[in-house]
Q: 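One structure coming up, written as structure tokens, with questions to follow.
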Protein chains: 2
Amino acid sequence: MTMTTQDRHETEKLLTPAEVAALFRVDPKTVTRWAKAGKLTSIRTLGGHRRYRESEVRDLLGGGH
Amino acid sequence: MTMTTQDRHETEKLLTPAEVAALFRVDPKTVTRWAKAGKLTSIRTLGGHRRYRESEVRDLLGGGH
DNA sequence: CGTGACTGGGGTAATTTGGGGA
DNA sequence: TTTGTCCAAATTACCCCAGTCA
């Protein structure tokens with residue numbers, strides 16, 4: 001199952017701050033700081049809340065060993 | 001439904017250094033040394049703090065007799 | 001249009017990291 | 001050789017409340 005080049009972001013699954021925090025075993029506020037520091041890509045809702053790319057989070061979790 | 005030795009690490013529950021240290025009754029610094037020596041798998045937060053796999057810790061605690 | 005849960009922002013404790021030495 | 005402790009700096013956790021989400 002080869003992807004042409006990359007998935008279109010329209011179909012990218014997004015995670016809430018609480019979900020990302022649970023995966024890293026940190027506080028949701030810590031995930032917010034990562035986004036502010038540019039360490040993690042964040043998508044903004046129209047109200048200002050952040051959402052994160054599942055693929056990026058999974059990559060960061062597995063790439064650290 | 002055969003599964004490899006362990007589940008996907010993305011859903012693995014993680015422990016903080018203090019929690020692992022309490023389980024082994026050692027100083028958190030000692031847990032850090034185990035991780036550096038490769039005796040214990042460590043996942044890193046984006047800030048550099050370590051997290052440890054609960055299943056691995058539980059295995060080491062119970063398998064040591 | 002309410003209700004309950006979650007999030008953002010700020011500020012302050014607590015934990016973790018890393019090196020070095022006992 | 002393994003472990004515990006001292007130090008400074010960095011990272012993370014918990015407190016508040018107003019606004020957003022579903």
Side-chain angles (χ1 to χ4, degrees):
Chain A
M1 34 190 72
T2 311
M3 298 286 179
T4 47
T5 45
Q6 268 188 355
D7 256 5
R8 290 264 175 236
H9 61 267
E10 286 89 12
T11 59
E12 173 67 79
K13 183 179 179 182
L14 299 179
L15 300 176
T16 65
E19 290 171 333
V20 178
L23 290 174
F24 279 97
R25 190 40 168 96
V26 295
D27 192 272
K29 293 301 183 68
T30 300
V31 181
T32 299
R33 295 195 201 94
W34 294 345
K36 282 187 187 175
K39 298 177 179 177
L40 193 59
T41 305
S42 63
I43 313 267
R44 294 283 207 147
T45 68
L46 299 186
H49 288 192
R50 296 184 179 86
R51 298 283 116 97
Y52 305 93
R53 300 189 183 285
E54 183 191 40
S55 59
E56 184 177 9
V57 172
R58 199 171 359 116
D59 200 51
L60 290 171
L61 276 172
H65 57 76
Chain B
M1 47 171 76
T2 307
M3 211 156 292
T4 44
T5 314
Q6 56 187 29
D7 271 0
R8 288 248 169 261
H9 58 264
E10 286 84 1
T11 57
E12 174 68 77
K13 297 182 182 78
L14 301 178
L15 299 176
T16 64
E19 291 170 337
V20 178
L23 290 172
F24 279 100
R25 300 211 62 178
V26 295
D27 193 273
K29 185 98 176 186
T30 300
V31 181
T32 300
R33 292 198 184 97
W34 294 344
K36 279 188 188 175
K39 298 178 179 178
L40 195 58
T41 305
S42 65
I43 307 243
R44 296 281 207 145
T45 68
L46 299 191
H49 286 199
R50 296 183 179 85
R51 298 282 114 101
Y52 304 94
R53 301 187 189 287
E54 182 192 43
S55 60
E56 185 177 8
V57 171
R58 191 161 18 88
D59 199 51
L60 291 170
L61 282 170
H65 57 78

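All chains are named by letter (A, B, ...) in the order of the sequence lines, taking the proteins before the strands, and each is independently numbered beginning at 1.
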Q: Going by the salt bridge (Lys or Arg N to Asp or Glu O under 4.0 Å) test, which pairs reach into residues 20-36 of chain B, not counting sequence neighbours?
A: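 Sorted pair list comes back empty.
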Q: Between B:Lys36 (NZ) and C:dG20 (C1'), how many Å, whole number?
A: 11 Å
Q: Enumerate the ring pair (Phe, Tyr, Trp, His ring centres under 6.0 Å) contacts for residues 17-41 of chain B, please, sequence neighbours excluded, ordered by first and then second residue.
A: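 Qualifying pairs: B:Phe24-B:Trp34.
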Q: Just the rounded figure in Å: distance from C1' of C:dT15 to CG of B:Leu14.
A: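 To the nearest whole Å, that distance equals 17 Å.
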Q: Rounded to the Å, how far apart are A:Leu40 CG and D:dT11 C1'?
A: 16 Å
Q: Mark up nucleotides 12-22 of chain D, 5' to 3', with B wherever a protein heavy atom is under 4.0 angstrom from a base atom, S wherever such an atom reaches only the sugar-phosphate, and - elsewhere.
A: BBBB---BBSS
Q: Does anything in residues 41-50 of chain A form a side-chain hydrogen bond (donor to acceptor under 3.5 Å, both in side chains)? List the pairs, not counting sequence neighbours.
A: A:Thr41-A:Glu56
Q: Who are the side-chain contact (heavy atoms from CB on, under 4.5 Å) partners of A:Glu54, not counting sequence neighbours?
A: A:Glu12, A:Lys13, A:Leu15, A:Arg58
Q: Roughly how far apart are B:Arg51 CZ and B:Leu14 CG, rounded to 0.5 Å?
A: 8.0 Å
Q: Measure the angle between the two terminal helix axes of the helix from C:dT3-D:dA22 to C:dG19-D:dC6, five base pairs each, and quote it to 10°.
A: 60°
Q: Kindly write out the residues that satisfy side-chain hydrogen bond (donor to acceptor under 3.5 Å, both in side chains) with B:Thr32, not counting sequence neighbours, or none if the list is empty.
A: none
Q: Hey, could you give me the CD1/CG distance between B:Ile43 and A:Leu23, rounded to the nearest 0.5 Å?
A: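 Nearest 0.5 Å value for the CD1-CG distance: 10.5 Å.
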Q: Report the base-pairing partner of D:dT3 (Watson-Crick or G-U wobble, both distances below 3.5 angstrom), or none.
A: C:dA22
Q: Which hydrophobic side chains are connected to A:Leu46, either touching it within the sub-4.5 Å cutoff or through other members that do?
A: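 None; A:Leu46 is a cluster of one.
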